[in-house]
Amino acid sequence: NAGVTQTPKFQVLKTGQSMTLQCAQDMNHNSMYWYRQDPGMGLRLIYYSASEGTTDKGEVPNGYNVSRLNKREFSLRLESAAPSQTSVYFCASSEWTRGRNNEQFFGPGTRLTVL
Amino acid sequence: AQSVTQLGSHVSVSEGALVLLRCNYSSSVPPYLFWYVQYPNQGLQLLLKYTSAATLVKGINGFEAEFKKSETSFHLTKPSAHMSDAAEYFCAVTRPFGNEKLTFGTGTRLTIIP
């Protein structure tokens, strides 16, 4: 099993450009998440998808959109990139069943720089 | 709402010394708690988790944490630090109902002094 995979690993954009970050998991998990990680701020949730066909805003959704393409894939789109979106982006997935904890499994991250 | 506070954004210990990373939580209901580790240029990896069973939880790489309700704490310890323990550590909290999100602390960077 590959677990959670993310593409690309690195990306440099100019202000105003758009791009999509891809995430896929092969663990048959229902829930998927997008986080951004900035120095001194830990991980902040951008969007999440509790199940296929549903998405919800997290703590910092402005400037982003997401698509839960199917159970495996959850993409994050920046329509018009801004320097404030320079960050490391992590995708995660988890499986929830009644009575079980929500351990999340993380991808390796995408380092995005917006000039 | 839940939250976690990690005291000390940077901690340095000598190789072979005790590692103690502090995490205090705030939650309106009995929480589930997690410690994750992030090695340089990698994603997060689960170290250990507390899910209302034993209050002393053992994880990978010799780490353990104790849930103390009276102190609202879940500190991470390791008796003897190894150079390979150098990483960033994150505490996280969630509620044990349904499909709840994790709330992460701001992280503690652990440096091991040879």
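Quick note on labels: first sequence line is chain A, next is B, and so on, each numbered from 1. Just the heavy atoms: all of them, side chains too, but no hydrogens, waters or symmetry mates, feed the values below.
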- line: Separation between CG (Leu102(B)) and OH (Tyr48(A)), nearest 0.5 Å, reads 12.0 Å
- prompt: Hey, what do you get for NZ (Lys49(B)) to CD (Gln104(A)), rounding to the nearest 0.5 Å?
  reply: 12.0 Å
What is the minimum heavy-atom distance between [X] and [Y], and which atoms define it?
X         : Y         : result
Lys101(B) : Leu45(A)  : CD-CD2, 3.1 Å
Leu44(B)  : Phe106(A) : O-CB, 3.5 Å
Glu103(A) : Tyr36(B)  : C-OH, 4.0 Å

Answer yes if [X] and [Y] sit in the same cluster of Ile, Leu, Val, Met, Phe, Trp and Tyr residues linked by side chain heavy atoms under 4.5 Å apart, and no otherwise.
X         : Y         : result
Tyr50(B)  : Leu56(B)  : no
Leu21(A)  : Leu115(A) : no
Phe105(A) : Trp34(A)  : no
Met19(A)  : Val88(A)  : no
Tyr35(A)  : Leu76(A)  : no

- prompt: If we only count heavy atoms from C-beta on, is the Gln38(B) to Phe90(A) side-chain gap below 4.5 Å?
  reply: yes
Less than 4.5 Å to any heavy atom of chain B: does that hold for the side chain of [X], its backbone, both, or neither?
X        : result
Leu43(A) : both
Arg44(A) : neither
Gln6(A)  : neither

- prompt: How far apart are the C-alpha atoms of Gln37(A) and Phe104(B), what are their side-chain angles, what is the distance that settles it, and do they pass the side chain to side chain contact (heavy atoms under 4.5 Å, CB included) test?
  reply: CA-CA 11 Å; Gln37(A) 182 180 27; Phe104(B) 285 87; over 6 Å; no
